[in-house]
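One structure is given below, encoded as structure tokens.
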Amino acid sequence: HFYQQDVTQQDLARAALLMVTNNIGQVAYLNAQLHQTPRIYFVGNFLRQNSISRQRLAYAIHYWSKGKMEALFLEHEGYFGALGAFLLSQGIGCDDNTTRRRRSHTISETSRHRSVSR
């Protein structure tokens, strides 16, 4: 029998936080494995003051990778999202095929825009 009177709102919130964070950790591990990288960088304002999620992500990455991968958390992480968006808009930071597609798409879009506006 489940004792509902013993479960607080805080308990439920913590359980949900841990569940979501473990899921993020597993997805991050799988992506790192797919791209063959030993380090996983986590950024975002969500993690800035959230030591529970940082600890759980580090644990999840260590667990799933059997200690072969590392979860890293950047200081001043709020700037990295903007920097990443800028770099992607410039075609930087992608694999060669994606970079070429983005550049050719950007060039064709620019050419089309110029021809339409004349």
Side-chain angles (χ1 to χ4, degrees):
H1 186 263
F2 183 75
Y3 297 99
Q4 289 182 350
Q5 69 256 21
D6 295 338
V7 179
T8 66
Q9 291 295 318
Q10 292 83 1
D11 293 333
L12 294 174
R14 182 181 175 89
L17 176 65
L18 294 177
M19 179 182 66
V20 169
T21 304
N22 279 331
N23 191 344
I24 292 169
Q26 186 175 26
V27 170
Y29 159 73
L30 291 171
N31 276 291
Q33 187 179 39
L34 180 69
H35 294 284
Q36 300 174 350
T37 181
R39 291 181 206 93
I40 304 170
Y41 295 91
F42 290 95
V43 298
N45 293 331
F46 174 72
L47 295 171
R48 180 180 294 162
Q49 299 295 322
N50 193 338
S51 62
I52 294 171
S53 287
R54 284 193 313 267
Q55 290 170 356
R56 183 53 65 162
L57 284 171
Y59 173 79
I61 298 305
H62 187 268
Y63 174 82
W64 289 111
S65 72
K66 297 179 174 68
K68 294 179 182 171
M69 292 181 188
E70 182 179 17
L72 301 168
F73 303 92
L74 300 179
E75 212 172 301
H76 309 295
E77 75 290 337
Y79 297 104
F80 287 100
L83 180 60
F86 171 73
L87 292 174
L88 283 175
S89 75
Q90 302 302 305
I92 300 169
C94 305
D95 65 24
D96 289 338
N97 293 329
T98 305
T99 303
R100 280 190 215 109
R101 281 195 306 269
R102 286 180 192 270
R103 285 187 184 148
S104 65
H105 176 71
T106 304
I107 291 168
S108 65
E109 285 292 318
T110 304
S111 300
R112 191 173 75 207
H113 178 66
R114 286 184 185 152
S115 64
V116 168
S117 35
R118 287 183 184 165

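The first residue of the sequence shown is numbered 1, and numbering continues consecutively from there.
For residues 15-35, every residue pair satisfying the side-chain hydrogen bond (donor to acceptor under 3.5 Å, both in side chains) rule, not counting sequence neighbours, is listed here: Thr21-Ser53, Tyr29-Gln33.
Applying the side chain to side chain contact (heavy atoms under 4.5 Å, CB included) criterion to Leu87, with sequence neighbours excluded, gives Leu83, Ile92. Legend: residues meeting ring-ring contact (aromatic ring centres under 6.0 Å, His included) with Tyr59, ordered by chain and number and at least two apart, are absent. Every residue meeting the side-chain hydrogen bond (donor to acceptor under 3.5 Å, both in side chains) condition with Gln10, not counting sequence neighbours, appears here in chain and number order: Thr8.
Checked by atom type and distance alone, the side chain of Arg54 pairs as donor or acceptor with a backbone atom of Arg48 at under 3.5 Å.
Listed here is the closest heavy atom pair of Gly25 and Ala60: CA-CB, 4.1 Å.
Taken from CG in Asn50 to CD in Gln55, the straight-line distance is 9.5 Å, to the nearest 0.5 Å.
Both Tyr63 and Ile24 are assigned to one and the same hydrophobic cluster, defined by single-linkage of ILVMFWY side chains at heavy-atom distances under 4.5 Å. Transitive grouping of hydrophobic side chains (ILVMFWY, heavy atoms separated by less than 4.5 Å) keeps Leu57 and Val27 in distinct clusters.
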Name the atoms and distances for all side-chain donor-acceptor pairs under 3.5 Å in residues 65-73, with sequence neighbours left out.
{"unit_1": "Ser65", "atom_1": "OG", "unit_2": "Ile61", "atom_2": "O", "d": "2.7"}
{"unit_1": "Ser65", "atom_1": "OG", "unit_2": "Gly67", "atom_2": "N", "d": "3.4"}
{"unit_1": "Ser65", "atom_1": "OG", "unit_2": "Lys68", "atom_2": "N", "d": "3.3"}
{"unit_1": "Ser65", "atom_1": "OG", "unit_2": "Met69", "atom_2": "N", "d": "3.0"}

